[in-house]
Amino acid sequence: MTQNILSDLRWRYAVKKFDPHKKLTKQQVDLLAEAFNLTPTSYGLQPIRLIIVTNDALKKALQRASYNQKQVGTCSHLLVICYQFNFGEKDIERYTEIKLSLMPGKRDEIIKYGEILKTRFAAKPPEEIDLWAREQAFIALGNLMTVCAVEKIDTCPIGGFIPEEVGKILKLKEKGLTPAALLPAGYRAADDMHQFDPKVRRPLEEMVEELKVES
Ligand SMILES: Cc1cc2nc3c(=O)[nH]c(=O)nc-3n(C[C@H](O)[C@H](O)[C@H](O)COP(=O)(O)O)c2cc1C
């Protein structure tokens, strides 16, 4: 089991060239949407959204807004991971509403928890809430990359893009969203030579330290 997921994680790499003719199926896209929604988030509040782009003209415009990185324009499906920029009371109320519908027996407890969350968020500066929301988007990015690797779907995480331009192209402001990361998904081109590169990682002992408990 462990060996399987490690071999999937070794198989994946940040694809530099996609095969533009190979497309993800509807089942694969549905699976990625579900995996996105299953991503755990702080307090379970999900201040994130996923926009899926398949339209070629839109993908090309987004490629231009990403310093012309070709993965953006040639992938099968471009996943745009966004976060809400004005996260607040109404979003907490929506969370409470969903939780109540699933656990009506815990009504008082759920309503009380919602009120605690509202007070806590009202006390935070907006920039702090924005940063918090953005962090949740990166949890989804990691989750999606791993799910894709397990499903043998290729990806390339993209942080190199101009958020204002991507926002304008996808009319994200109108939806209350800011783009955090792009994740082109599809299939590697046979001649993408990067697939043969070794994984560049520090030795494990430099990265992980297990503290030995003194007895
Ligand atoms: C948040 C984030 C942003 C990244 N942005 C870019 C990018 O804009 N363009 C790109 O080609 N690769 C980008 N990468 C890919 C990394 O360079 C790559 O994941 C890293 O070098 C490790 O290589 P591997 O993914 O092939 O194992 C990004 C990765 C992450 C996690």
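Start at 1 and go down the list; that is how both ligands and their atoms are numbered.
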### Message
Is any side-chain heavy atom of Q63 closer than 4.5 Å to one of N68?
### Response
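SC-SC contact between N68 and Q63 confirmed.
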### Query
Do N37 and Q46 have side-chain N/O donor and acceptor atoms under 3.5 Å apart?
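There is such a pair between these side chains.
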Without placing hydrogens or testing angles, list every side-chain donor-acceptor pair under 3.5 Å for residues 162-175, not counting sequence neighbours.
none

Check: every ligand 1 N/O to protein N/O pair under 3.5 Å:
from, atom 1, to, atom 2, distance (Å)
ligand 1, 5 (N), P157, O, 3.4
ligand 1, 5 (N), G159, N, 2.9
ligand 1, 8 (O), Q69, NE2, 3.1
ligand 1, 8 (O), G159, N, 3.3
ligand 1, 8 (O), G160, N, 3.0
ligand 1, 9 (N), Q69, OE1, 2.7
ligand 1, 11 (O), K16, NZ, 2.6
ligand 1, 11 (O), Q69, OE1, 3.4
ligand 1, 11 (O), Q71, NE2, 3.4
ligand 1, 14 (N), P157, O, 3.2
ligand 1, 25 (O), R12, NH1, 3.2
ligand 1, 25 (O), R12, NH2, 2.7
ligand 1, 25 (O), A14, N, 3.4
ligand 1, 26 (O), A14, N, 2.9
ligand 1, 27 (O), R12, NH1, 3.4
ligand 1, 27 (O), K199, NZ, 2.6
ligand 1, 27 (O), R201, NH1, 3.4
ligand 1, 27 (O), R201, NH2, 2.8

Output side-chain donor-acceptor pairs under 3.5 Å for residues 119-132, partner residues at least two apart or in another chain, one line each.
from, atom 1, to, atom 2, distance (Å)
T119, OG1, E115, O, 2.8
R120, NH1, Y43, OH, 3.3
W132, NE1, S42, OG, 2.8

Compile the donor-acceptor pairs under 3.5 Å between side chains in residues 101-109 and protein atoms, sequence neighbours left out, one pair per line.
from, atom 1, to, atom 2, distance (Å)
S101, OG, I98, O, 2.6

### Task
Could you give me the CA-CA distance, side-chain angles and deciding distance for E93 and K90, then say whether salt bridge (Lys or Arg N to Asp or Glu O under 4.0 Å) is met?
CA-CA 5 Å; E93 279 165 8; K90 64 179 189 327; over 6 Å; no
